[in-house]
There are 2 protein chains.
Amino acid sequence: MTDAADQGWLRTVAHEVRSFDRSSTAERVAELLRARVIEGDLPPGTRLSEEQLVEVLHVSRNTLREAFRLLTHEGLLVHRLHRGVFVPELDEDDLVDLYRARRAIECGVVARLEGTDAVRLRPLHDAVAAAEDAARRGDWPAVGTANMRFHLALVALGRSRRLDETAARLFAELRLLFHTVDAPRPLHEPYVQRNRALLDLLAAGETVRAAEELDAYLYDSETQLRTVHRDSPRRNP
Amino acid sequence: MTDAADQGWLRTVAHEVRSFDRSSTAERVAELLRARVIEGDLPPGTRLSEEQLVEVLHVSRNTLREAFRLLTHEGLLVHRLHRGVFVPELDEDDLVDLYRARRAIECGVVARLEGTDAVRLRPLHDAVAAAEDAARRGDWPAVGTANMRFHLALVALGRSRRLDETAARLFAELRLLFHTVDAPRPLHEPYVQRNRALLDLLAAGETVRAAEELDAYLYDSETQLRTVHRDSPRRNP
DNA sequence: CCTAGGGAGTTGTTCAACAATCCGACAAGG
DNA sequence: CCTTGTCGGATTGTTGAACAACTCCCTAGG
């Protein structure tokens, strides 16, 4: 039985190998740019010059454009014909659209959840703990990141890879909106407690009440973000 | 100078002809391939050779690859590094994944629906009517298409562009699964009535009951598809 | 002040060549 | 017979260059 001809083993290795070589140049460039956009280094409305980036990144124009396309499909860049690619400027309509989508998905997952054992709730627990820790340190951007991780973990309870990917895309876009406001604290602080409360409800198996609380949660969050975003001073007026 | 031996001339005309409609070349190529994949002309596992398609379609490799990328994003093709693009072969895990995703989204939308006026239900009505019509004609593939349109319209009630796109992608993948079975009738016929019933519930404003019915609906559909798919003879064993 | 047009600069598209990688075949060894 | 190693053909990944097409700004003329 030293012959390791078991079943699940190969699967794991195969997956590891596959994700290891998954690094075409275009994808690596895309990852670089994605981080810059998500971190907010590039303010919305910025044009990404092909010429400039080709010079800096040492890749060909075709490859760079391939990376652009990848990010465009993810909604992290917008493509305007003959004008180039830009960091999108999301408006209130986009905000509403995004919240409708996440409300349907998140509430949909939570509402018909069967079985909330401690193991599967573990990622949620970690995310809440990270948020609380960051809040104590006063690192509000980190709180925002941890809160997003919480909601990603929430969607992950639905155990669908495709749903996870969709949620990741939505949250990436949402992050663009967060960057347009100057004061991150009131945007993230109140939701740390609420995430904790949500987690407690789930741990108690009260999925219906959790879904209701989540619904109210998202409503409050959306409303707040709308007012803040409306009043926020545009960086490039 | 009447002798048109110039170079750029033909090029220009060709370009004009190609871009007569406002879509880019890549999008038109993508549409061509999409139809082939959706219609099931290309069985799962087929590799789409760049060389071959460049020859046939008279487009550059870059353009073709852009089309590939569009379809990959839609889930209609899979891209394997250094191996090319393939029509995906979905297995039972994918089926489960897809149904988990659509269950969360569709039920999520229906459950927290506010206001079901007749105008917004119109697309649902049309889809059901089309399905019933196709059923009368015995055109079962058309019934399947109409049923999908119904569910897309259902998601559209959530009034989120991003949610619509996600649903479209999921249903496109689902269609690939339908093609692996030989007898389309029992797969689509029972659901025409159930869609009608679902629509009636929505028209009556009974969103909660509609969500429950939809949940059961999807459970039955998934179960049936799983057994059928398990028993279906592989085309390329 | 307003409009037409011209030019500079940028993106859109294609092509050909080279590098990196995969696949099947075939041979050597247990 | 089965496994392992290696080779060569075929395919994809990436690059750089070339030219077409478009946008934007600036200027001349009204």
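In this text the structure is predicted, and so the values were computed from the model without any measurement. Order of the sequence lines fixes the chain letters, A, B, ..., with proteins taken first and strands second; residue numbering starts at 1 for each chain.
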_Whether Arg61(B) contacts dT13(C) is assessed here as follows: a side-chain N or O lying under 4.0 Å from the phosphate OP1 or OP2. Is that the case?_
no
*Can you name the side chain to side chain contact (heavy atoms under 4.5 Å, CB included) partners of Arg185(B), sequence neighbours left out?*
Trp140(B), Glu189(B)
*OP1 or OP2 of dG13(D) sitting under 4.0 Å from any side-chain N/O of Thr25(A)?*
no
*Compute the ring centroids of His188(B) and Phe178(B), then answer whether they are less than 6.0 Å apart.*
yes
*Heavy atom of residues 50-60 of chain A under 4.0 Å from DNA chain D: which residues?*
His58(A), Val59(A), Ser60(A)
_For Tyr191(A), all residues meeting ring pair (Phe, Tyr, Trp, His ring centres under 6.0 Å), sequence neighbours excluded_ = Tyr217(A)
*Report the distance from atom CZ of Arg47(B) to atom C1' of dG24(C), rounded to the nearest whole Å.*
13 Å
_Quick test of your reading: applying side-chain hydrogen bond (donor to acceptor under 3.5 Å, both in side chains), list the pairs with at least one residue in residues 122-131 of chain A, sequence neighbours left out, ordered by first then second residue._
Arg122(A)-Asp126(A)
*List for me each residue that meets side chain to side chain contact (heavy atoms under 4.5 Å, CB included) alongside Pro186(A), sequence neighbours excluded, and say none if there are none.*
Ala183(A), Gln224(A)
_Could you work out, with side chain to side chain contact (heavy atoms under 4.5 Å, CB included) as the rule, every residue matching Leu121(A), not counting sequence neighbours?_
Thr116(A), Leu124(A), Leu157(A), Leu199(A), Leu202(A), Ala203(A)
_Heavy atoms within less than 4.0 Å of DNA chain D: which residues of residues 63-87 of chain A have one? Give them sorted by number._
Thr63(A), His82(A), Arg83(A)
*Using whole Å, report how far CG of Asn62(B) lies from C1' of dT12(D).*
12 Å
*Under the side chain to side chain donor-acceptor pair (under 3.5 Å) test, which residues partner Glu50(B), sequence neighbours left out?*
Arg61(B), Arg65(B)
Counting only pairs under 3.5 Å, give me each side-chain donor-acceptor contact of residues 68-75 of chain A, with atom names and distances, residues two or more places apart or in other chains.
from: Arg69(A); atom 1: NE; to: Glu66(B); atom 2: OE1; distance (Å): 3.0
from: Thr72(A); atom 1: OG1; to: Phe68(A); atom 2: O; distance (Å): 2.8
from: Glu74(A); atom 1: OE1; to: Arg34(A); atom 2: NH1; distance (Å): 2.6
from: Glu74(A); atom 1: OE2; to: Arg34(A); atom 2: NH1; distance (Å): 2.5

